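Computed from a predicted model, the values in this text were never measured in an experiment.
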Amino acid sequence: MKHFILAATLSALSALVVPASAQDRGDMMSYALSHPVDNTSLPYPPALGDSVPQSVALQRVEGVPNFGYFYYGGQPILVDLRTRAIVRIGQ
């Protein structure tokens, strides 16, 4: 019975815990959508996992330390600031 209660408790808690990076990305996308910037010119369309050139200025948001964004083709592109890898494109 103790194992069942422990398992049920852990299961309930895991449903409440959201990894910070996933929450940060959601917060960042909401912010980017409500704070658009000029489109960035790239020699190729951005794709998930691509590395963003250093020449691209990334917008930052106070309180979200791991992600930045830029706009391409009218859509926000989220970037992991530690690696400059694209982690989300558009909505």
With a 3.5 Å distance limit and no angle check, can you tell me whether [X] reaches the backbone of [Y] through a side-chain donor-acceptor pair?
{"X": "Arg84", "Y": "Ser51", "value": "no"}
{"X": "Asn39", "Y": "Gly74", "value": "yes"}
{"X": "Arg88", "Y": "Ile77", "value": "no"}

Tyr31 and Leu58: same hydrophobic cluster, using ILVMFWY side-chain contacts below 4.5 Å?
->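 Tyr31 does not cluster with Leu58.
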Under a single-linkage definition using a 4.5 Å side-chain heavy-atom cutoff for Ile, Leu, Val, Met, Phe, Trp and Tyr, are Leu48 and Met29 assigned to the same hydrophobic cluster?
-> no
Picking from Leu42, Thr40, Val79, what satisfies side-chain contact (heavy atoms from CB on, under 4.5 Å) with Val52?
-> Val79
Please list, chain by chain and in numerical order, all residues satisfying side-chain contact (heavy atoms from CB on, under 4.5 Å) with Val37, sequence neighbours excluded.
-> Gln59, Tyr69, Tyr71
Considering residues at least two apart in sequence or located in another chain, which fulfil the side-chain contact (heavy atoms from CB on, under 4.5 Å) criterion with Pro45?
-> Tyr72
One should read off an interatomic distance between Ile86 CD1 and Asp80 CG, to the nearest 0.5 angstrom, of 11.5 Å
Say you draw a straight line from CZ of Arg60 to CG of Leu81; how long is it, rounded to the nearest 0.5 Å?
->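 With rounding to 0.5 Å, CZ (Arg60) is 5.0 Å from CG (Leu81).
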Would a 4.5 Å heavy-atom cut-off, applied to side chains only, mark [X] and [Y] as touching?
{"X": "Asp50", "Y": "Tyr44", "result": "yes"}
{"X": "Leu33", "Y": "Pro76", "result": "yes"}
{"X": "Phe70", "Y": "Leu78", "result": "no"}

